[in-house]
There are 2 protein chains.
Amino acid sequence: MWTEAVAARLSITGSAKAVFRSLVLDGPSTRPNMGSALGLSRPTMSAAIAELENLGYVEMIGAVRGPLGRSASQYRVGPQAGHVMAVDAGSTSIRLRVSTLDRRLLYSHVHRLPMRQFEVSAEVSRAVAAEVAAALAATLPEWGPLSTLGIAVPTRVVGPDGDAEASRQNVVFTAFTPPQQTTVLLENNVNCAAVAEMHYGAAQGEETFSYVQIGLKIGMGLVLGGQLIRGRYGAAGEIGHLAFPFAPGTEPRPGEVEHYLGTEALMARVHADWSPDDGAPPLDTTELLLMAGNGGVGAQRHVAKHAADIGAIVASCVSVVDPGVVVLGGGFGSSPLLLPGVSDTVRRLSYSAEVRSSDLGSDATVLGIERLAMERGLLLALGETI
Amino acid sequence: MWTEAVAARLSITGSAKAVFRSLVLDGPSTRPNMGSALGLSRPTMSAAIAELENLGYVEMIGAVRGPLGRSASQYRVGPQAGHVMAVDAGSTSIRLRVSTLDRRLLYSHVHRLPMRQFEVSAEVSRAVAAEVAAALAATLPEWGPLSTLGIAVPTRVVGPDGDAEASRQNVVFTAFTPPQQTTVLLENNVNCAAVAEMHYGAAQGEETFSYVQIGLKIGMGLVLGGQLIRGRYGAAGEIGHLAFPFAPGTEPRPGEVEHYLGTEALMARVHADWSPDDGAPPLDTTELLLMAGNGGVGAQRHVAKHAADIGAIVASCVSVVDPGVVVLGGGFGSSPLLLPGVSDTVRRLSYSAEVRSSDLGSDATVLGIERLAMERGLLLALGETI
DNA sequence: TTAATTAGTTAAGGTGCCTAACACTCCCTG
DNA sequence: CAGGGAGTGTTAGGCACCTTAACTAATTAA
């Protein structure tokens, strides 16, 4: 086995790395454009492009003519740069996307699970294995090597020095063995959604923000200075464990915020408190929101109460990290009906933070893990692994 | 005016920067030591030292002989690198330190304020002006230029694009004009204490931790990945604004945590609840802690209760950012008597975090702002200003 | 067809690091 | 007290990676 490619990887010039990074992150471009953007001279651009073309990291895709002068050739990321596979091992479905490092979608599939999974189970693992196998079978040679496989899981995720047993992050591998020669990247699903909001959603252009997901469970993803914050044990954003109930004379119970703010407890309160004058009670949160949106007074009261409770949680997060912007997501949290109530409570309790609703929907997580896999693939291609 | 020095600053080679940084951060050293630590060859070390000596950034301070062979000359930071002044504009005293970039103390003074200041006032500003003037008068030519003046203030601090009126951070300048040609660095006092804990205190060697200060007021300083987290509006760590009281059926009130956990409210509860069997009630928290340490049952009960409350706050912080290590500081918080109670509550409510007591005492803040000023001075000397 | 304009290449040079080889200083030994 | 071993510091030469200057190539407007 000859290791020319490996040797070559370790000696990419700084300018070539910058050009490649630019093509990955900003999409196809011409030499003059990248040269002026990166502050590189034309000879250097020549050398960088030649170097990357030799590696197959870059390919010409045509010419662009301006109003005057010779037309410039345009380049994009080439096949040898590899591609990534992103999997969202969710509770109701497995979402999978295969794409190039510069985010050209090569393959995608959504598999609905037969029944809701409350945690990562062997059944989820089997479904992931089947979906990944299907994607691998559909792989075409011109996609190049599979560089990174990213998997979003609903557990906290620790690094190689952490206790992976305690976090249960590896349950996804009970019935699934990742392909060889591929880097595997595991990330918490809420963190992934936060990453997606940063790049494609409500937090575009924000360096610092917090993403709060409210659904069956609650969680937070934190981005500070463009960096995803994971915490020492991968437990940053586990706001289900905020002290609650917390008041003079009461004793907080672990995980109680999650129980109290999750949709099941909410619906239980709605049903317990529903007045017959308001008609039949809603069956789930979707109906509750629908009724509130249609002017149902009882529904609106419950939504407003819940918005205030969510606002208190958000205010606590704002008080700790001051993110400036808070994006509300998740099945329940992303409803714009919550926005005024949450916003008011936050403004009343803490320093200002702009509260927004997510609009990425259920694709947020898979888009986020795809993005993280692409970033890892970029580092791998450049030989800049940690 | 000739700008040779400025021009020279802008063209320091990378190796010289690395050598200078090493001398600043790790103290005096020899060429061979730094060369092997930084991975630089002997010719490169020669060039770097020559370059820095020409600028006056470095000076030889003697020779070190090993067991064998020629002795190596030792270098340290030179006068032209400048020095920094650090001021803690505290509530009971103004603490001032002048030191070189490599932390050789040149001058220090503590000025006790005639009466406790609950916020930055004109009186504090006048005292700062007097202390700085005294320090400037004591300045010797061989200290080199005053590069940075750091001031720690008990307000949040926003950057140049923030609303400095709202933060009241500039009140310290009402009666005080900083010297010309000097960079002024303003930082929140709790953040400063956190920085001191990281470098000289209970969080030495930790990349990620949280510092919780409990005294008359409460606050938190957050360090993630070695970086001090300030937040979008400088309000990160304002845990006095955590949602409280927060329980079903109650409505949180802004800033209520601070009122409830601050020492004044604590002592009010102690007095209201004091049993005559336990003798005369304590006059302040120092006495309360003393009585608890001496086995006073009533005092111990109150300390334990307060520790549990602090534990709940800490658990909330841990749930949001998962710092791994929490250092307790401040007049009341740094008492080791609190440690078991806080620790137990945190363990019960959230993912694990190690809780420690600070032992830097009342110097923490001035040591932290000194450190930040030194780091800024280093960047300025290297022409790496943002 | 020619001039103007932009794209890309070739040639020459500078910066910042390296290795190799030599010179210097220190201590130990015979 | 000369000689040698070991570590420190300098000189010479070279390489990697960027630059500017000047050229060639392609394209449009006049």
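Letters A, B, ... are given to chains in the order of the sequence lines, protein chains preceding strands, and every chain is numbered from 1.
- Base engagement by A:P43 is indicated by at least one non-hydrogen atom pair under 4.0 Å involving a base atom.
- Per the geometry, NZ belonging to B:K17 stands 14 Å off C1' belonging to C:dT15, to the nearest Å.
- The distance between atom CD1 of A:I12 and atom P of D:dC18, rounded to the nearest whole Å, is 12 Å.
- B:Y75 has its OH atom 9 Å from the C1' atom of D:dG9, to the nearest Å.
- In this structure, A:M45 atom CE and D:dC17 atom P are separated by 16 Å, rounded to whole Å.
- Donor-acceptor pairing under 3.5 Å, judged by distance alone, is absent between the side chain of A:R70 and the base of D:dT27.
- Each of A:T44 and B:R42 lies near DNA chain D, and the nucleotide nearest B:R42 is the one positioned closer to the 5' end.
- Nearest to the side chain of A:A72, among D:dC18, C:dA7, C:dC17, sits C:dA7.
- The shortest side-chain heavy-atom distance between B:F209 and B:L222 does not fall under the 4.5 Å cut-off.
- The CG-P distance, from B:L40 to C:dC17, rounds to 7 Å in whole Å.
- Both cation-pi conditions hold for A:R103 and A:Y200: the charged atom is under 6.0 angstrom from the six-membered ring centre and inside a 45 degree cone around its axis.
- Each of A:L68 and A:A47 lies near DNA chain C, and the nucleotide nearest A:L68 is the one positioned closer to the 5' end.
- Side-chain atoms of B:R65 and base atoms of C:dC26 include no donor and acceptor less than 3.5 Å apart.
- As judged by a 4.0 angstrom heavy-atom cut-off over every strand, B:G39 is placed among residues touching the sugar-phosphate backbone only.
- Counting non-hydrogen atoms under 4.0 angstrom, B:T13 reaches the backbone sugars and phosphates but no base.
- Between B:W143 and B:H83, the angle of the ring planes goes over 60°, which puts this pair in the perpendicular group of the 30/60° scheme.
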Stepwise, does the side-chain contact (heavy atoms from CB on, under 4.5 Å) test hold for A:V223 with A:T208? CA-CA 5 Å; A:V223 175; A:T208 293; over 6 Å; no
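- Rounded to an integer number of Å, the gap from A:N33 CG to C:dG8 P is 10 Å.
- As judged by a 4.0 angstrom heavy-atom cut-off over every strand, A:T30 is placed among residues making no nucleic acid contact.
- Residue A:S71 places its side chain closer to D:dT27 than to any other of D:dT28, D:dC18, D:dT27.
- A close approach under 4.0 Å does occur between a side-chain nitrogen or oxygen of A:S41 and OP1 or OP2 of D:dT19.
- Side-chain contact check for B:L367 versus B:H199: every heavy-atom pair is 4.5 Å or farther apart.
- Taking 4.0 angstrom as the limit, A:S73 places none of its side-chain polar atoms (N or O) nearer than this to OP1 or OP2 of C:dA7.
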